[in-house]
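Have a look at the structure below before the remarks.
Each chain gets a letter, A, B and so on, in the order its sequence line appears, and its residues count up from 1.
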Amino acid sequence: MLNQSFIFARGMTEELERALWAHGLTSWDLLRRHPAEAAEVLGAGRAQKLNEAVGEAQQALDRRDLAWFRANWPERELWRLWKGFCADAQVALIDIETTGLTPGYDQITVIGLSDGVVARAFVAGRPQPGDDQLEKFIEHIRSYHLIATFNGAAFDVPFIEKHFREAGFKFEMPHIDLLPPARSLGLGGGLKDMEKQLGIVRDADIKDIRGHEAILLWGAWKNGDANAYRRLTTYCKADCVNLRAFGETVWRRQWDKIFTPHAREVDFDRINGQQMSLF
DNA sequence: GTGTCGCCGAATTATCGTAA
DNA sequence: TTACGATAATTCGGCGACAC
């Protein structure tokens with residue numbers, strides 16, 4: 001959970017964070033209410049600095065300062081924002097289809113955008129009824145507080161920002177790229193391979209589509225094949241919707257790895273830190 | 001005060017793997 | 001097939017502890 005993390009503060013390490021959790025300081029609130037205990041773990045100077053950093057983060061969270069989190073939260077720990085940063089419906093799950101791999105040379109054909117329940121497709125050229133013009137994407141994305149992708153740090157985000165560069169568009173909200181945290185759990189391959197490893201299933205008619213086939217489907221649609229259009233947009237939207245279950249699983253497994261084994265619950269008021277009990 | 005050592009974090013470099 | 005971010009490995013610099 002976001003407000004149980006201290007790793008964002010300068011000078012913090014995973015070891016120190018675990019030591020805080022093991023001493024019962026398992027949230028921002030507990031840390032701020034028990035500075036003496038924090039000083040026991042970190043030393044007075046570092047504890048004071050951490051307290052200030054937590055206060056700054058809490059203020060940024062209260063005023064929904066997305067830019068603060070984008071600038072100050074360590075990239076490799078952004079997956080922690082999955083819980084506690086904003087409502088699920090404010091997390092934009094994004095996937096794109098393109099004509100190739102090179103931003104600036106290849107073109108975006110479809111952008112899929114989902115809140116995890118429903119998905120819409122923003123399509124280049126002439127979208128079919130029910131879908132939106134590609135250019136409408138930047139209007140819709142502004143209402144979200146967090147974006148999540150698979151390998152989006154290297155692919156989707158630079159592609160989208162390059163496409164909308166002339167409109168002055170850049171993502172202002174924090175971005176969770178689910179690929180690195182999934183890999184650190186021992187999952188391998190691309191998104192579809194990882195989904196299989198996690199038991200996440202797709203509809204039968206699109207389950208075998210891979211990225212390179214999206215290029216062929218786009219070409220077929222340009223030649224008038226309406227079924228290719230339907231398969232392409234369905235595939236793109238399914239990639240987005242599935243990111244919800246994928247992200248939930250990755251987050252849960254990560255949290256169970258780093259937090260659950262180390263954290264202890266302590267009733268500071270009752271026993272003055274003399275006795276601990278396991279969660 | 002000076003020099004050495006070890007530790008830690010930051011910066012740099014090389015390699016890997018994924019996206020369509 | 002290319003670009004780019006993540007990761008691991010390596011290097012560098014700052015700092016404190018210690019001995020002389």
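- With sequence neighbours excluded, the residues forming a ring pair (Phe, Tyr, Trp, His ring centres under 6.0 Å) with A/His140 are A/Phe122, listed by chain and number.
- Listed by first and then second residue, the ring-ring contact (aromatic ring centres under 6.0 Å, His included) pairs that reach into residues 189-209 of chain A come to none, sequence neighbours excluded.
- Atoms CZ and CG, on A/Phe6 and A/Leu25 in that order, are 6.5 Å from each other to the nearest 0.5 Å.
- Per the geometry, CG belonging to A/Asp177 stands 10 Å off P belonging to B/dA19, to the nearest Å.
- Rounding to whole angstrom units, CG of residue A/Leu191 and P of B/dG17 are separated by 18 Å.
- A/Ile96 is listed as a side-chain neighbour of A/Phe155, based on a closest heavy-atom distance under 4.5 Å.
- Remark: A/Arg252 pairs with A/Asp256 by the side chain to side chain donor-acceptor pair (under 3.5 Å) rule, at least two apart or across chains.
- At whole-Å resolution of the value, CD1 in A/Ile215 and C1' in B/dA19 are 10 Å apart.
- Among pairs with a residue in residues 107-127 of chain A, those fulfilling salt bridge (charged side-chain N to carboxylate O under 4.0 Å, His left out) read A/Arg120-A/Asp132, at least two apart in sequence or across chains.
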Distances for protein N or O near nucleotides 11-16 of chain B N or O, under 3.5 Å:
none

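- Of the residues in residues 150-161 of chain A, those lying under 4.0 Å from DNA chain B by heavy-atom distance are A/Phe150, A/Asn151, A/Phe155.
- The CG atom of A/Asp95 sits 9 Å away from the C1' atom of B/dA19 (whole-angstrom rounding).
- Between A/Glu97 atom CD and B/dA19 atom C1' the separation is 10 Å, expressed in whole Å.
- Remark: A/Asp131 pairs with A/Lys237 by the salt bridge (charged side-chain N to carboxylate O under 4.0 Å, His left out) rule, at least two apart or across chains.
- Within a heavy-atom distance below 4.0 Å of DNA chain B, no residue of residues 230-256 of chain A is found.
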Taking only distance into account, with no hydrogens and no angle test, what donor-acceptor pairs under 3.5 Å do side-chain atoms of residues 163-176 of chain A form with protein atoms, sequence neighbours excluded?
| from | atom 1 | to | atom 2 | distance (Å) |
| --- | --- | --- | --- | --- |
| A/His163 | NE2 | A/Glu135 | OE2 | 3.3 |
| A/His175 | NE2 | A/Thr149 | OG1 | 2.6 |

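- If you measure from atom NZ of A/Lys192 to atom P of B/dT18, you get 12 Å, rounded to the nearest angstrom.
- Nearest-nucleotide positions on DNA chain B for A/Arg183 and A/Ile96 put A/Arg183 closer to the 5' end.
- At least one side-chain heavy atom of A/Leu198 sits under 4.5 Å from a side-chain heavy atom of A/Arg253.
- Within the 4.0 angstrom heavy-atom criterion, no nucleotide atom of any strand lies near A/Asp193.
- Every side chain to side chain donor-acceptor pair (under 3.5 Å) that A/Trp82 has, sequence neighbours left out, goes to A/Glu248.
- The two residues A/Leu113 and A/Cys240 have their closest heavy-atom pair at N-SG, 3.7 Å.
- Other cluster members for A/Val117: A/Val118, joined by side-chain heavy-atom distances under 4.5 Å among Ile, Leu, Val, Met, Phe, Trp and Tyr.
- Bracketed by its first and final contacts, the part of DNA chain C lying under 4.0 Å from non-hydrogen atoms of chain A reaches from C/dT1 to C/dT7 in 5' to 3' order.
- Of all non-hydrogen atoms in A/Trp21 and A/Ile258, the two that sit nearest each other are CZ3-O, 3.2 Å.
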